[in-house]
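Worksheet: the structure to be examined is printed underneath.
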Amino acid sequence: MDFEGLNLNQMKAVQTIRGPVLVIAGAGTGKTHVLTQRIANLVSNHFVNPSRILAITFSNKATEEMKNRLNNSFPGISFNWVNTYHALCLKILKQEIEVLDYSRDFVIVDGEDQLNITKKIIEDHNLSLPLFLSPKKILEVIELIKLTDVDVSKGYSELYNKTNIVDANQIDLVLKVYFYYCDYLKKNNMLDFNDLINFVCQIFERYPTIVKKWQNKFDYVLVDEFQDTNYKQFLIIKWLTNEKTNNIFVVGDPHQTIYTWRGAYPKIFDDFVTWQKKYQLVNLERNYRSTQKIINAANSLIAHNHETFENPLVAVNPHNYDVKCFVGHSYDDESSFVVKTIIDLNKTGIKYSDIAVLYRANFSSRKIEETLIMNQIPYVVYGDVPFYQRMEIKDLLSYFKAIFRFDDLSLLRIINVPKRAIGEETVKKIQEWARKSNFTFYSALTNYDKIEQLSKATKAKVCDFLNLLAVIKKEIEQTAYDKWIDIVIEKTHYKKYLESFGEDFESRWDNIMELKNSLSVYLSKNPKVTVLDWINELSLLTSNDKMRASKVPSVQLMTIHAAKGKEYNAVFLVNFNENYLPSSKAIMAGIEAIKEERRIAYVGMTRAINYLYITCSNLNFGRNEIVPSRFLEEIGKNNYQRVFRKYKSTYRSNNDFFNSKVNSFSENKFVNNFTNTYKFNVGDIVVHTVFGMGTIIDKNGDLLDILFKKPYGRKTIIATHKALKWVK
């Protein structure tokens with residue numbers, strides 16, 4: 001077998017077949033290809049039996065791809081020990097689980113099964129749950145206990161630190177369900193996915209003879225994506241490595257450790273060195289994906305992490321396009337630039353499907369989605385649902401539609417959300433009465449007292465629901481638009497309902513805050529429109545489903561985490577702002593969390609093949625401060641080209657977002673400086689008779705977007721409004 005096409009370092013990794021080998025493989029350096037070629041070398045040139053080679057990957061997709069490559073090279077030969085960790089552990093347990101008093105015909109339960117079992121336990125044992133603790137939340141804590149080995153005999157402090165539960169009684173309740181859950185699985189000979197890993201660890205720890213047996217099965221152990229390995233998986237690797245031959249080969253990139261929240265930890269490479277002191281190190285430095293300018297920017301950023309294993313990349317891609325950075329005065333600015341540039345790229349022949357918009361958190365997609373829709377550009381949201389199709393957004397919009405449009409589908413969606421004891425049977429009775437009476441569901445609902453099939457208690461519940469809708473409608477009609485969504489949330493206790501989703505709460509709440517921003521921007525720019533106008537406008541946005549579902553080439557929208565392992569001709573890293581990337585949570589958590597955020601940004605940048613655009617907003621005013629990410633400064637101004645708006649005529653060119661701040665002024669300074677001039681420009685300081693001093697951050701004809709001090713925030717005001725004055 002020859003190795004044509006491999007560079008010198010790749011060749012070294014493939015041909016170094018004795019003893020421990022650590023391969024530091026940067027983004028786009030062909031690490032999976034090297035691992036596959038190494039297996040092929042062992043089989044073809046060193047006559048190693050494939051059944052003596054254990055290769056571990058992190059996904060079923062990677063496993064299948066590796067097997068397909070090997071099968072193409074060696075038709076008729078099976079590579080049965082190319083597995084994910086879970087598949088490997090399943091094979092081990094099928095032979096060894098009896099020592100744990102399980103039988104070999106055990107059943108593996110999936111996530112839906114687990115949730116149903118948790119609900120059954122709660123019901124069978126008559127456990128009363130407080131509002132915050134849903135079955136799903138309890139199951140998440142059970143998963144956490146199993147994943148991290150929390151000592152349940154004295155696990156209060158750990159669970160306090162690792163969950164949002166701060167009540168000892170609630171932790172008691174969770175632990176009670178946990179013990180019932182484990183007992184249920186044991187009695188029914190069931191395992192969940194965490195058990196696959198945990199039970200192998202238990203067996204290997206207790207039974208050295210079994211460890212020896214499995215060690216002797218393999219002459220070579222190879223691990224892909226080593227940076228994603230958690231501690232228990234690392235223990236399994238150590239147990240399975242034959243002590244005599246010690247042929248352990250791991251390949252990974254410390255700079256791409258972005259999954260610490262699910263068990264991976266950045267020090268795994270240091271642990272390997274501690275375990276294998278006489279290892280051979282191979283660095284894969286030639287990047288076959290990105291341009292040198294993209295690599296320079298990424299190298300500059302990640303160098304600030306000061307990792308043990310530094311591995312600066314060198315690009316093979318001959319193109320020389322500049323990395324572009326756009327700093328907008330508003331989110332509208334940012335999304336307009338992104339979509340305009342996408343259109344321009346498409347005109348040059350780049351398919352929409354070769355363009356990706358990446359962001360740190362899902363809520364960031366909202367403004368990009370809207371702008372893409374308005375420009376009739378097809379897109380797909382990878383690994384998530386489009387913004388206006390997300391559960392919490394549809395729930396809140398359904399309240400508005402139910403109240404102001406008497407929409408039956410919306411009423412059906414929210415009649416028992418949050419739960420108010422109007423269940424499916426009640427709804428069926430109302431629907432049946434409506435059908436027989438030729439009524440809409442809403443009309444039937446308002447005639448609940450005539451429906452004989454409903455009990456007195458149920459009628460009272462329906463009455464309460466209708467009264468709730470009436471109260472919400474009255475308050476909305478009497479309140480400024482920036483409070484409308486707050487009213488629905490407060491009156492329905494929707495926030496507490498969302499809290500029951502556990503770890504999903506923060507992302508769902510961020511989505512709601514983004515919906516509030518959407519409403520505020522729309523109605524401030526269209527002061528004469530009604531709630532119904534807003535709802536109808538959103539209906540136009542959500543009508544893009546068919547275009548998304550079609551098979552036409554579409555722009556890819558996704559989080560940076562979802563983009564790991566992928567590559568695109570053009571990449572837009574959006575919302576590259578402080579408190580977004582790095583996230584506010586990471587900033588509060590400290591240095592190690594910031595390092596992970598930096599790695600996330602690095603992963604996002606290195607997805608780009610030829611074109612990389614970094615976009616953000618710059619709104620500096622008092623305590624309302626939205627500024628570009630610190631990572632932009634770490635990338636370095638010499639590593640990107642600043643681009644400016646060509647579709648807007650106003651820009652304050654002397655606004656350097658790293659060196660300048662909006663001047664601090666006292667309110668009294670402006671009392672005698674008012675003027676009736678209405679030739680406003682972006683960046684001007686203005687004073688409003690109600691909102692006080694503000695800065696113009698965007699302009700659309702006579703409509704001005706102005707950022708005021710808290711508590712007023714962003715407002716859109718017509719330039720000729722008498723309450724608004726320009727300050728010299």
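- A side-chain donor-acceptor contact under 3.5 Å links Gln114 and Glu143.
- Between the side chain of Asn194 and the backbone N or O of Leu147 there is no donor-acceptor pair closer than 3.5 Å.
- We find that Lys564 and Asp228 are joined by a salt bridge, their nearest charged nitrogen and carboxylate oxygen being less than 4.0 Å apart.
- Although no hydrogens or angles enter the test, the distance criterion places no donor-acceptor pair under 3.5 Å between the side chain of Asn375 and the main chain of Ile377.
- In this structure, Arg366 pairs ionically with Glu370, as a charged nitrogen and a carboxylate oxygen lie closer than 4.0 Å.
- You'll find the side chain of Tyr359 reaches within 4.5 Å of the side chain of Thr559, heavy atoms only.
- Closest of all the heavy-atom pairs between Arg607 and Gly565 is NH1-N, 3.3 Å.
- Counting only distance, with no hydrogens or angles, the side chain of Glu96 and the backbone of Val200 share no donor-acceptor pair below 3.5 Å.
- Proximity of Leu185 to Ile117: side-chain heavy atoms (C-beta onward) are separated by under 4.5 Å at one or more points.
- In this structure, the side chains of Tyr448 and Lys429 stay at 4.5 Å or more apart for every pair of heavy atoms.
- Atom NZ of Lys186 has more than 12 neighbouring heavy atoms from other residues, nucleotides or ligands inside a 6.0 Å radius.
- Here Lys120 pairs with Asp124 under the salt bridge (charged side-chain N to carboxylate O under 4.0 Å, His left out) rule; sequence neighbours left out.
- In this structure, Glu432 CD and Ser437 OG are separated by 9.5 Å, a value rounded to the nearest 0.5 Å.
- No side-chain heavy atom of Phe199 sits under 4.5 Å from any side-chain heavy atom of Cys89.
- Taking the six-membered ring wherever Trp is involved, the centroid distance between the rings of Tyr494 and Tyr399 does not fall below 6.0 Å.
- Counting only distance, with no hydrogens or angles, the side chain of Asp195 and the backbone of Asp192 share a donor-acceptor pair below 3.5 Å.
- Counted within 6.0 Å of NZ on Lys176, heavy atoms from surrounding residues, nucleotides or ligands total 12 or fewer; the atom is thus considered open.
- Nearest heavy-atom pair across Gln376 and Pro378 is O-CD, 3.8 Å.
- Atom CD of Gln431 sits about 10.5 Å away from atom CD1 of Ile451, to the nearest 0.5 Å.
- Taken to the nearest 0.5 Å, the CG atom of Asp183 stands 9.0 Å off from the CG atom of Asn188.
- In this structure, the side chain of Arg360 does not engage the main chain of Ile560 through any donor-acceptor pair within 3.5 Å.
- Residues Thr57 and Thr63 have side chains that bring a donor and an acceptor to within less than 3.5 angstrom of each other.
- Checked options Val357, Leu358, Leu581; the residue passing with Leu573 is Leu358 (criterion: side chain to side chain contact (heavy atoms under 4.5 Å, CB included)).
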Side chain to side chain contact (heavy atoms under 4.5 Å, CB included) between Arg420 and Leu468: does it pass, once the steps are laid out?
CA-CA 11 Å; Arg420 50 178 64 90; Leu468 172 67; 3.7 Å; yes
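- Judged by distance alone, with hydrogens and angles left aside, the side-chain atoms of His561 form a donor-acceptor pair with the main-chain N or O of Ile258 at under 3.5 Å.
- No more than 12 heavy atoms of other residues, nucleotides or ligands sit less than 6.0 Å from atom NZ of Lys474.
- You'll find the side chain of Tyr379 stays beyond 4.5 Å of the side chain of Ile355, heavy atoms only.
- Of the possible donor and acceptor atoms, one in the side chain of Glu597 sits under 3.5 Å from a partner among the backbone N and O of Ser583.
- Rounded to the nearest 0.5 Å, atoms CD1 (Ile197) and CD (Gln233) are 5.0 Å apart.
- Atoms CE and CD1, on Met391 and Ile393 in that order, are 9.5 Å from each other to the nearest 0.5 Å.
- When all heavy atoms are compared, the tightest approach of Ser128 to Leu173 is O-CD2, 3.7 Å.
- The 12-atom threshold is not exceeded at NZ of Lys450, counting heavy atoms of other residues, nucleotides or ligands nearer than 6.0 Å.
- In this structure, Asn467 places its CG atom where more than 12 heavy-atom neighbours from other residues, nucleotides or ligands lie under 6.0 Å away.
- Between the side chains of Glu475 and Thr479, not a single donor N or O lies within less than 3.5 Å of an accepting N or O.
- Donor-acceptor pairing under 3.5 Å is lacking for the side chains of Asn362 and Asn511.
- When all heavy atoms of Ala402 and Ser410 are compared, the closest pair comes out as N-CB, 4.0 Å.
- Nearest heavy atom pair, residue Asn575 against residue Tyr580, reads O-CB, 3.6 Å.
- Put simply, CD1 on Ile430 and OH on Tyr442 are 13.0 Å apart, with the number rounded to the nearest 0.5 Å.
- Outside the 6.0 Å centre-distance limit, the rings of Tyr178 and Tyr181 are not counted as a close aromatic pair.
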